Asks: 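If you scroll down you'll find the structure; I have some questions about it.
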Amino acid sequence: QVQLVESGGGLVQAGGSLRLSCAASGRTFRRVAMGWFRQAPGKERQFVVGITWSSGSTYYTDSVKGRFTISRDKAKETVYLQMNSLKPEDTAVYYCAQMGQLGSMGDARSWEYWGQGTQVTVSS
């Protein structure tokens, strides 16, 4: 069983930065990608960014391009999300996810395992 544990969320002023971490444990042989989704109150969970585990190819949603950077440490089985120039509209619960079979990164149904979420709040 795969477990994903997020950390690093918190309260930050607009324009500030946060770095989220997602530590994975358990079975990894079917891991093809890891990524981040976010869900704001009253809204559906939406794709933020993904990274393929083998090659490190990255895929970003347009709203975070140039501000967010995903990276991975394969030895630590950890994925990071560096968030710069944060905006109030980035406020959400951020969820780490793992894709076991290659699918559509932007579709939450393509992701098999999920973390518990970490709150990111950006004040104006």
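The structure displayed is predicted, hence computed values, not measured ones. Just the heavy atoms: all of them, side chains too, but no hydrogens, waters or symmetry mates, feed the values below. The first residue in the sequence is number 1, and the count goes up from there.
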Asks: Just by distance, no angles: are the side chains of Y80 and R19 close enough, under 3.5 Å, to form a donor-acceptor pair?
Replies: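 No, no side-chain donor-acceptor contact under 3.5 Å.
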Asks: To the nearest 0.5 angstrom, please state how far the CD1 atom of I51 sits from the OG atom of S57.
Replies: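 Between atom CD1 of I51 and atom OG of S57 there are 8.0 Å.
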Asks: side-chain contact (heavy atoms from CB on, under 4.5 Å), that's the test. Do F68 and Q82 meet it? Break it down for me.
Replies: CA-CA 6 Å; F68 291 10; Q82 180 67 46; over 6 Å; no
Asks: Could you report the tightest heavy-atom contact between K65 and D62, atom names first, then the distance?
Replies: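 Closest approach of K65 to D62: NZ-OD1, 3.0 Å.
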Asks: For W111 and F37, I'd like to know if the aromatic rings sit close, meaning centre-to-centre distance below 6.0 Å.
Replies: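 Yes, ring centres under 6.0 Å apart.
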Asks: Which atom names give the shortest non-hydrogen contact between V64 and V48, and what distance separates them?
Replies: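 The answer is CG2-O, 3.8 Å.
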Asks: Any side-chain heavy-atom pair from L81 and T69 closer than 4.5 angstrom?
Replies: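 No, too far: nothing below the 4.5 Å cut-off.
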Asks: Are V122 and Y95 in one and the same hydrophobic cluster, where Ile, Leu, Val, Met, Phe, Trp and Tyr link if side-chain heavy atoms are under 4.5 Å apart?
Replies: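 Cluster IDs for V122 and Y95 differ.
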Asks: Going through the checks in order, is the salt bridge (charged side-chain N to carboxylate O under 4.0 Å, His left out) test met by R72 and E77?
Replies: CA-CA 7 Å; R72 77 202 193 286; E77 298 186 66; over 6 Å; no
Asks: Quick one: does any side-chain atom of S110 pair with a main-chain N or O of S104 as donor and acceptor, under 3.5 Å?
Replies: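 Checked: pair present.
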Asks: Taking all atoms of both residues into account, what is the closest heavy-atom pair of L4 and C22, and its distance?
Replies: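 Residues L4 and C22, closest heavy atoms: CB-SG, 3.9 Å.
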Asks: Just by distance, with hydrogens left out, do S17 and N84 show a side-chain donor and acceptor under 3.5 Å apart?
Replies: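 A donor-acceptor contact under 3.5 Å links the two side chains.
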Asks: Do you know the tightest heavy-atom contact between M105 and A33?
Replies: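 Looking at all heavy atoms of both residues, the closest pair is CE-CB, 3.6 Å.
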Asks: For the atom pair OH (Y60) and CZ (F47), what is the distance rounded to the nearest 0.5 Å?
Replies: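 Between Y60 OH and F47 CZ, I get 9.5 Å after rounding to 0.5 Å.
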Asks: Can you see which heavy atom on Q119 is nearest to which on A92, and at what distance?
Replies: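 Heavy-atom minimum between the residues: NE2-O, 3.4 Å.
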Asks: Roughly how far, to the nearest 0.5 Å, is CD of Q98 from CE of M34?
Replies: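 M34 CE to Q98 CD: 5.5 Å, rounded to 0.5 Å.
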Asks: Y59 and M99: same hydrophobic cluster, using ILVMFWY side-chain contacts below 4.5 Å?
Replies: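 The answer is yes; both residues are in one hydrophobic cluster.
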Asks: Using the salt bridge (charged side-chain N to carboxylate O under 4.0 Å, His left out) rule, take D90 and K87 through it: C-alpha gap first, then chi angles, then the decisive distance, then the call.
Replies: CA-CA 5 Å; D90 295 317; K87 304 175 181 179; over 6 Å; no
Asks: Given the ring of W53, does R30 sit roughly above its face, with NZ or CZ under 6.0 Å from the centre of the six-membered ring and within 45° of the axis?
Replies: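 No, a cation-pi geometry is absent between R30 and W53.
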Asks: Is there a donor-acceptor pair under 3.5 Å between the side chain of T118 and the backbone N or O of G9?
Replies: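 At least one qualifying donor-acceptor pair exists.
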Asks: Classify the side-chain pair E89/T91 by whether it contains a donor and acceptor separated by less than 3.5 Å.
Replies: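 No, T91 and E89 have no side-chain donor paired with an acceptor closer than 3.5 Å.
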Asks: Does C96 reach the side chain of W114, with side-chain heavy atoms less than 4.5 Å apart?
Replies: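 Not in contact.
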Asks: Of all heavy-atom pairs between L86 and M83, which one has the smallest distance, and what is that distance?
Replies: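 It is CD2-CB, 3.8 Å.
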Asks: Just checking, any donor-acceptor pair under 3.5 angstrom between side chains of Q116 and E6?
Replies: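 Looking only at side-chain atoms, E6 and Q116 do form a donor-acceptor pair, the distance falling under 3.5 Å.
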Asks: Passes side-chain contact (heavy atoms from CB on, under 4.5 Å), T61 versus V49? Steps please.
Replies: CA-CA 6 Å; T61 192; V49 61; over 6 Å; no
Asks: Any sub-3.5 Å donor-acceptor pair from R38's side-chain atoms to V93's backbone N or O?
Replies: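 Checked: no pair found.
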Asks: Have T52 and S54 got a donor and an acceptor in their side chains that come within less than 3.5 Å?
Replies: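 Short answer, no.
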Asks: Heavy-atom count around K74 NZ within 6.0 Å, excluding the residue itself: above 12?
Replies: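 Enclosed.
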